[in-house]
Amino acid sequence: MSTLKFALIQSETHWHDAAANRALFDEWLTKISPGVQVVVLPEMWSTGFTMASAEVAESMQGPTVSFMRERARNLGVVVAGSVVIEEAGAYFNRFVWAGPAGEVGIYDKRHLFRMAGEHEHYTAGTGRLVVDVAGVRTCPMVCYDLRFPVFFRNRGDYDVLLVVANWPAARQTAWDALLRARAIENQAYVVAVNRIGTDGAGVAYAGGTSVYDYLGENRLAAGNERGVFTVELDMDALRAHRTQFPAWQDADEFELKIRS
């Protein structure tokens, strides 16, 4: 059986305090069970979902990405999540995939949440990322991206759609529905990590860290609990489903025009 084992960390975070959050998630990382290959942290896990990009941003050589890379190396796992990054005078809500051999993959959030003014404080990304662990291909997206399926439609290039988020409790019904829809339409697993608690802007979060399979069946539901939640995904079952129900063969072809 071909499998991939994820550990999903659902937690509150400290507002605008990267050092405190590194200490908090360092403690969570001690609770990772044996055999885990990928550890997933929420969106903006080191700061909270903030529009103070110039105040909290770090470089790719800064302490937060360095922390992710060091823990990945020491634990022998991938450590992934999004971080506020400054690069060449621009600010990004950047998903960072830090591998155990020192490899780093990045994806800059494409769809910026205008209702919070994110588009005024961050620069949108233009490309997708697909990373491979033991033959399992994973494509990350960040929070609001979940509402825009065209950019992330499975082109036969991924097996797992990975979502990191600070998705507010006020729209929890949409979170659950969209996760299930993305799994069914892309014939892929959807692994989604949200946070809990209330942030420094007064926004409340109800968790809902979840895993859905290619049929839309829920395989993990963390509710509103803090903790490390582990799931092992069966890739043989996914491949068998795609063979037995090859809906992907009838997908429409199109060219995507990237809005600048």
Side-chain angles (χ1 to χ4, degrees), residues 3-50 56-87 92-109 129-134 136-143 160 162-166 191-197 199 207 209 211 220 222 225-233:
T3 64
L4 189 64
K5 193 171 185 179
F6 286 83
L8 315 178
I9 301 179
Q10 179 167 280
S11 176
E12 59 279 281
T13 61
H14 300 285
W15 187 247
H16 288 196
D17 193 339
N21 284 314
R22 289 192 296 270
L24 171 65
F25 282 90
D26 209 14
E27 182 64 26
W28 285 122
L29 286 168
T30 66
K31 304 180 187 302
I32 301 302
S33 61
V36 163
Q37 294 151 285
V38 182
V39 180
V40 189
L41 287 54
E43 177 185 20
M44 291 194 187
W45 66 269
S46 63
T47 60
F49 184 65
T50 176
V56 304
E58 299 180 18
S59 73
M60 288 296 292
Q61 291 71 46
T64 297
V65 174
S66 296
F67 167 86
M68 295 174 73
R69 297 184 70 179
E70 180 182 353
R71 295 303 181 272
R73 182 175 61 253
N74 292 344
L75 294 170
V77 300
V78 172
V79 177
S82 98
V83 181
V84 181
I85 294 293
E86 185 275 331
E87 190 170 84
F92 299 93
N93 184 348
R94 177 167 289 177
F95 176 94
V96 177
W97 176 278
E103 68 275 25
V104 175
I106 63 170
Y107 158 69
D108 293 326
K109 186 178 182 182
L129 172 70
V130 177
V131 284
D132 188 293
V133 175
V136 179
R137 303 161 301 169
T138 297
C139 179
M141 63 162 61
V142 180
C143 203
V160 179
L162 177 60
V163 188
V164 298
N166 273 206
V191 174
V193 179
N194 198 20
R195 61 158 293 175
I196 58 173
D199 69 18
T209 290
V211 175
L220 183 150
E225 299 299 316
R226 65 173 56 83
V228 178
F229 301 87
T230 303
V231 63
E232 190 165 16
L233 305 183

Can you name the closest pair of heavy atoms from Ala98 and Ala72 and give their distance? O-CB, 3.4 Å
Using the rule side chain to side chain contact (heavy atoms under 4.5 Å, CB included), only one of Thr230, Val40, Leu220 pairs with Phe6; which is it? Val40
Between Thr13 and Asn21, does a side chain to side chain donor-acceptor pair (under 3.5 Å) hold up when you go through it step by step? CA-CA 6 Å; Thr13 61; Asn21 284 314; 4.6 Å; no
Where do Val163 and Cys143 come nearest, in terms of heavy atoms and distance? CG1-N, 4.2 Å
Checking Leu41 against Val79 for the side chain to side chain contact (heavy atoms under 4.5 Å, CB included) test, could you report, in this order, the C-alpha distance in whole Å, the side-chain angles of both residues, the deciding distance, and whether it holds? CA-CA 8 Å; Leu41 287 54; Val79 177; 4.1 Å; yes
Counting only heavy atoms not in Glu225, do more than 12 sit closer than 6.0 Å to its CD atom? no
How many angstroms lie between CZ in Arg22 and CE in Met68, if you round to the nearest 0.5 Å? 12.0 Å
Using a strict 4.0 Å threshold on nitrogen-to-oxygen distance, state whether Arg226 and Glu27 make a salt bridge. no
Nearest heavy-atom pair of Trp28 and Ser11: which atoms, and what distance? NE1-OG, 3.1 Å
Inter-residue atom distance Leu24.CG - Ile9.CD1, 0.5 Å rounding: 8.5 Å
Rounded at 0.5 Å granularity, tell me how far CH2 in Trp97 sits from OG1 in Thr138. 4.5 Å
Contacts satisfying side chain to side chain donor-acceptor pair (under 3.5 Å) that involve residues 30-42 (not counting sequence neighbours) are none
Give the C-alpha distance, both sets of side-chain angles, the deciding distance and a yes or no for side chain to side chain contact (heavy atoms under 4.5 Å, CB included) between Thr47 and Thr64. CA-CA 10 Å; Thr47 60; Thr64 297; over 6 Å; no
If I compare all heavy atoms of Gly197 with all of Glu12, which pair ends up nearest, and what's the gap? CA-CB, 4.5 Å
If we only count heavy atoms from C-beta on, is the Ile106 to Met60 side-chain gap below 4.5 Å? yes
Within the structure provided, determine whether Val38 and Val160 are in side-chain contact (heavy-atom separation under 4.5 Å). no
Pair Phe67, Asp26 - check side chain to side chain contact (heavy atoms under 4.5 Å, CB included), show working. CA-CA 9 Å; Phe67 167 86; Asp26 209 14; 3.8 Å; yes
Student check: side-chain heavy atoms of Thr209 and Ile196 closer than 4.5 Å: no
For Arg94, enumerate each residue passing the salt bridge (Lys or Arg N to Asp or Glu O under 4.0 Å) test, keeping only those at least two apart in sequence or located in another chain. Glu87, Asp108
Mind listing the closest non-hydrogen atom pair of Tyr107 and Met141 along with its distance? CE2-CA, 4.0 Å
Please find the pair of heavy atoms, one from Gln61 and one from Ser66, that lie closest to each other, and give the distance. O-OG, 3.4 Å
So do Phe49 and Asn93 actually touch side chain to side chain, heavy atoms under 4.5 Å? yes
Determine whether Phe229 and Val193 make a side-chain contact, defined as any pair of heavy atoms from C-beta on separated by less than 4.5 Å. no
Would a distance-only check, ignoring hydrogens and angles, find a side-chain to backbone donor-acceptor pair under 3.5 Å from Glu43 to Asn166? yes
Kindly indicate whether the side chain of Arg69, heavy atoms from C-beta on, has any atom under 4.5 Å from the side chain of Val104. yes
To the nearest 0.5 Å, tell me how far Leu233 CG sits from Leu4 CG. 6.5 Å
